[in-house]
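All values below were derived from every heavy atom in this structure, side-chain atoms included, with hydrogens, water molecules and symmetry-related copies excluded. Here is how names work: the chains are called A, B, and so on, in the same order as the sequence lines, proteins then strands, and each is numbered from 1.
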Amino acid sequence: MSILKKLLPLDIASGMKLTGKYFGRNFLQANRSKKHIHITVEYPETPISIAPRFRGRLQMLRDEQGEIKCVCCLACEKICPTQVITISKGKKEGRKTPFPTRYDFEMERCIFCEFCVESCGFDSIILNHQFELAAYNREDFSIGMEGQFQDMFRVSPVGQHSISSTKNPDSPDYT
Amino acid sequence: MFKNEELEINLGPQHPSTHGVLRVKLRLDGETIVKCTPIVGYLHRGVEKICENKTFFQGQVWTDRMDYVAAVSNNLGWAESVEKLFGIHVPRRAHYVRTMMTELNRISSHLLWLGTHALDIGAMTVFLYAFREREQILDCFESFCGARLTTTAFRIGGLREDIPPGFIKQVQAFQDRFLDCIDEYETLLTENRIWKRRTIGIAPINADECIAFGVTGPVLRAAGVKYDVRKAFPYAAYAEMNFEIPTRTEADTYARYLVRLEEFRQSHHIIQQCIDGLPEGNVMAKIPKVLKSEVNEIYHPIEAPKGELGYYLVGEKGGQNPYRFHVRGPSFVNLQALPQMTEGRLLADVIAAIGTLDVVLGEVDR
Amino acid sequence: MPITKVWIEEGCIVCNACEAECPDVFHVTADSCHIKADARIDGQEDENRSSKSVLQNGLQSSLETSIIAAAVACPVNVIQYEQIISQIPIEPPKIEVEVAIEVITSVVPMVAETEPALAKVQSVISETITSAPKPRITEVWIDEGCIVCNACEAECPEVFHVTADSCHIKADVRLDGKENENRFEKSKIKQVLGESLVEKIISAAAGCPVDVIKYGVFGDVPKIEKKLDAVHDHSPDAVRSFVWDIAAAPNRVVVMPKTIPLPSLRTFLAEQEAQKIADEAKWQKQLADYEINKTKALGENKEPPKAPVRPAPKKDDNDMIAPVPASADAPELLYLREKLGASVQEIFQQSGELVCQVAPEAILEALVLCKDDPALKFEMLVDETATHYPVADEFKFSIVYHLTSLSRQRRLRLRILIPENYDVESAVSVYPGANWLEREVFDMFGIRFKNHPDLRRILCPDDWEGYPLRKEYPTLGLGQREIDFREDRSGVLMRLSLEKAGNLNINLKKPEAN
């Protein structure tokens, strides 16, 4: 019996059978059955589903009146492990709380840990769902409150084609 | 015809099968290894020095980046060490969720090991099967904490948020099919004659040598020592869990493969217990916004997928950051045993030995 | 500027604050506060309200600051005083400058010569300012709406204490000794602290995001602008050279510790004892004061003051119990002390961990005993590492060995304290696994091990300078480059880089769609 077992490659055959099973199922049933059997997606054409808690790029929020929610408590600047946030505090006419005259975010060093969002007591910043963050220039990673392509309130130009751009990033409940 | 000449070659640091930037200096006599010297440090970032200059809250993000395959385990170690240093009492629900996430992470780490180890030795098919299930676990991580690899999953004192709605269903979906998946890996490998020829009797290290070198984890258990930090020094919710420590006595690569496959099943069992017995309650202890330590030093070991992961912390009076932080990485200590496992054997076995030790160079070099 | 007259208006609440600040002038009786007879020219002792007697000449200037402090400390502000304003005439600086210009005829040195004149004027002004009583903060309180953001404690930890759900003014700085928001009490803060912490408190109040920190001031407090950190210094003068020398790196930042955080039962007990004695002395003083006041009040047939209450130990409301060292009762530790005798320096337990500190010469003996003795059987050395204590005098490093017994499932920490340039006996002969761990300690701390088979650097390159985990090793500024495009809002750098890339025929722009 053991000689027969040694001669006949049954162990290899059982592996081949498993491979054949999956090959056959995918070959015959792909695109025909309604049941989703694929693991991979055709990415740029098919949007990827992202979990609600996904940690993407840092983004500042405005309230219903279009006013910046940030009140410069510097909690995010202090907790940031890689010191990517710099805030300058200022005053603005007709606003009781302090107003950020400068809110700089250096994305090239950001590690997307979401400690800043967690420390914020005013819900004035979020990590949005933008994940296509590659850029052609290093300057594109330096994001601030002003500038043509460097806006903390919008998705950056490199990420405009990601699925997050289909939602309105200016709305306050945008997460 | 052949002269007895020794040849010295470098395996790595850019060799695909060294799992990172490990360099092994080998002195060969023909194809037999006379001397083997692992050289590490190519990925040294000074995590210990960095964490000594960051607060206890900030330090956690660096633990993600040590053993990046098992980031959740590292997070658990950091959170529990700091809690031990301060004497923080964590709610029971947080312990259960932590246990569940850590066991999921153990499965994903072992799956990556299984895929790449089999790929190194020559069995390519398993890689695709292993990564299929790993993808599902990473999706669970993403919905739990928002990241797939560098998770920063837990917080000091508990969890940042409770588990998201639908998370239990997602994990249960994975649980329902995973036992069949383990059978598929076994079909492909366990009885496979090529796999057996490449692993049985390869890179042996017996129990005494393991203990002498401080080797822990599946390598130690495959040598017949029934030692698991989860059982010996229970942490998180492991004291309430019912599971076995799988052991083998052959102490070779094949035995380690079987031990790890059995650990899949035990982890699956623990996750199921966590899901079934998940207690109600809050998930965060009440702690001050600033943690100021007293003079204290602690060493807190946990069972990472690779072995015993220990954090040594020294607290300064009134200090907001650790005075001293040291990581006892299981990969670092286990890698010491590589010369013991390979000297006097064939060159091709070095690949199997590095694979079976399951080193992650981010943790070796820190 | 001497104070000539002091008197007390209607409405004194007999709070004893003024006597605490200036006992030479004020004397608080059971129902009123008097200006002492010794201090007055007319020799009477009363409120001095109607007579407005002048103070003794010798006391006029020497007691100036303490009288002002007492006036400020008065919660109802009834202490009034008259002060001679400075006799030094302060010319307006403009006139001085004009005089200087008139004197000098030549045009060229004029600018150079006016500067000393200006400096002279400024020095006169600054003299008059410094001779005035110091500005200080009298009271600090926190209004409704605190978001518990911890910004204030970071700025001024002496005064503010942030708990889990509110922010408190510390009891140590307050006259009434309570610890809360001080919202309703508005208790004064101590004078010495009020002067020294002016800048810190003001910057904490300015840093509060919701502006709930309020304070009362005395004098002209300086306006404090919040400065950016040195890290974010964008001025072109900031030196940004690329230096590898540890000692000469210009921007290096070394964080040296101030304390010796070596956990030890002995020092813990000594600290506890000292704290107890200090507490007891404070309490006895309070009691004595009370007795004196009581007998005084009884003698004058007045209502006696309230008896002092011993303050209960403070505890924040949270889920933390700080672990403290406890005396050893584990059999392993007692057995070790019995076996090793005098070479065991200390044994204790903390956080459920067994610690045994032995003499550095006896470490090998202790390790052999731990491994081989059937009562101990610590088979595995799981970890070995060191800690640098630069402040300590008798030792500079501690080396800890973490041992695990697999059979008995126990852990033990052996600790030795060694001075600089002390060669420790290597543990490799007992535990071969110590090889790489000791190499790492040598690499990171420069501690040499005797009889080690292969003592080379392991993580750092062989030619690395310095030992990175020592406390004097800089954390910042060693060969660091600052890459900063933050100032490039107008796109100058971007344009330049595109031009450069265009010359090299590199397409850096994103390809246009379609």
(request) Quick one: closest heavy-atom pair of B:Arg193 and A:Asp11, and the distance? (result) N-OD2, 2.7 Å

(message) Taking 4.5 Å as the heavy-atom cut-off, does anything in residues 67-75 of chain B contact chain A, and if so which residues?
(response) none

(message) I'd like to check the ring pair (Phe, Tyr, Trp, His ring centres under 6.0 Å) partners of B:Phe174; sequence neighbours left out, ordered by chain and number.
(response) B:Phe178

(message) Does any backbone or side-chain atom of A:Phe115 lie under 4.5 Å from a heavy atom of chain B? Answer side chain, backbone, both or neither.
(response) side chain

(message) In the structure I gave you, are the side-chain heavy atoms of A:Tyr22 and B:Arg132 within less than 4.5 Å of one another anywhere?
(response) yes

(message) Please enumerate all residues that pass ring pair (Phe, Tyr, Trp, His ring centres under 6.0 Å) together with B:Tyr323, with sequence neighbours excluded.
(response) C:Tyr389

(message) So, taking the atom named CZ in B:Phe167 and the one named CZ in A:Arg53, what distance separates them when rounded to the nearest 0.5 Å?
(response) 9.0 Å

(request) Quick one: closest heavy-atom pair of A:Thr19 and B:Tyr129, and the distance? (result) CA-OH, 3.8 Å

(message) Shorter than 4.5 Å, heavy atoms on both sides: which option in B:Gln136, B:Arg65, B:Arg160 has the most such pairs with chain A?
(response) B:Arg160

(message) So for B:Gln60, is it side chain, backbone, both, or neither that comes closer than 4.5 Å to the heavy atoms of chain A?
(response) side chain

(request) To the nearest 0.5 Å, tell me how far B:Asn192 CG sits from A:Ser14 OG. (result) 8.0 Å

(request) Against chain B, work out which of A:Ala51, A:Gly15, A:Ser119, A:Pro81 has the most heavy-atom pairs shorter than 4.5 Å and name it. (result) A:Pro81

(message) Using only non-hydrogen atoms and a strict under-4.5 angstrom cutoff, which residues of residues 142-157 of chain B touch chain A?
(response) B:Glu142, B:Ser143, B:Phe144, B:Cys145, B:Gly146, B:Ala147, B:Thr150, B:Thr151, B:Thr152, B:Arg155

(message) Is A:Ile12 in contact with chain B via its backbone, its side chain, both, or neither, using a 4.5 Å heavy-atom distance?
(response) side chain

(request) Using a cut-off of under 4.5 Å on heavy-atom pairs, state which of A:Leu10, A:Leu18, A:Ile79 scores highest against chain B. (result) A:Leu18

(message) If you apply the rule side-chain contact (heavy atoms from CB on, under 4.5 Å), what do you find for B:Glu184 with A:Lys21, and how did you get there?
(response) CA-CA 11 Å; B:Glu184 285 180 5; A:Lys21 187 183 109 190; 4.3 Å; yes

(request) Give, as side chain, backbone, both or neither, the part of A:Phe112 having an atom under 4.5 angstrom from any heavy atom of chain B. (result) neither

(request) Give, as side chain, backbone, both or neither, the part of B:Trp62 having an atom under 4.5 angstrom from any heavy atom of chain A. (result) side chain

(message) Taking side chain as everything from C-beta outward and backbone as N, CA, C, O, which of these in A:Lys78 sits under 4.5 Å from a heavy atom of chain B? Side chain, backbone, both or neither.
(response) backbone

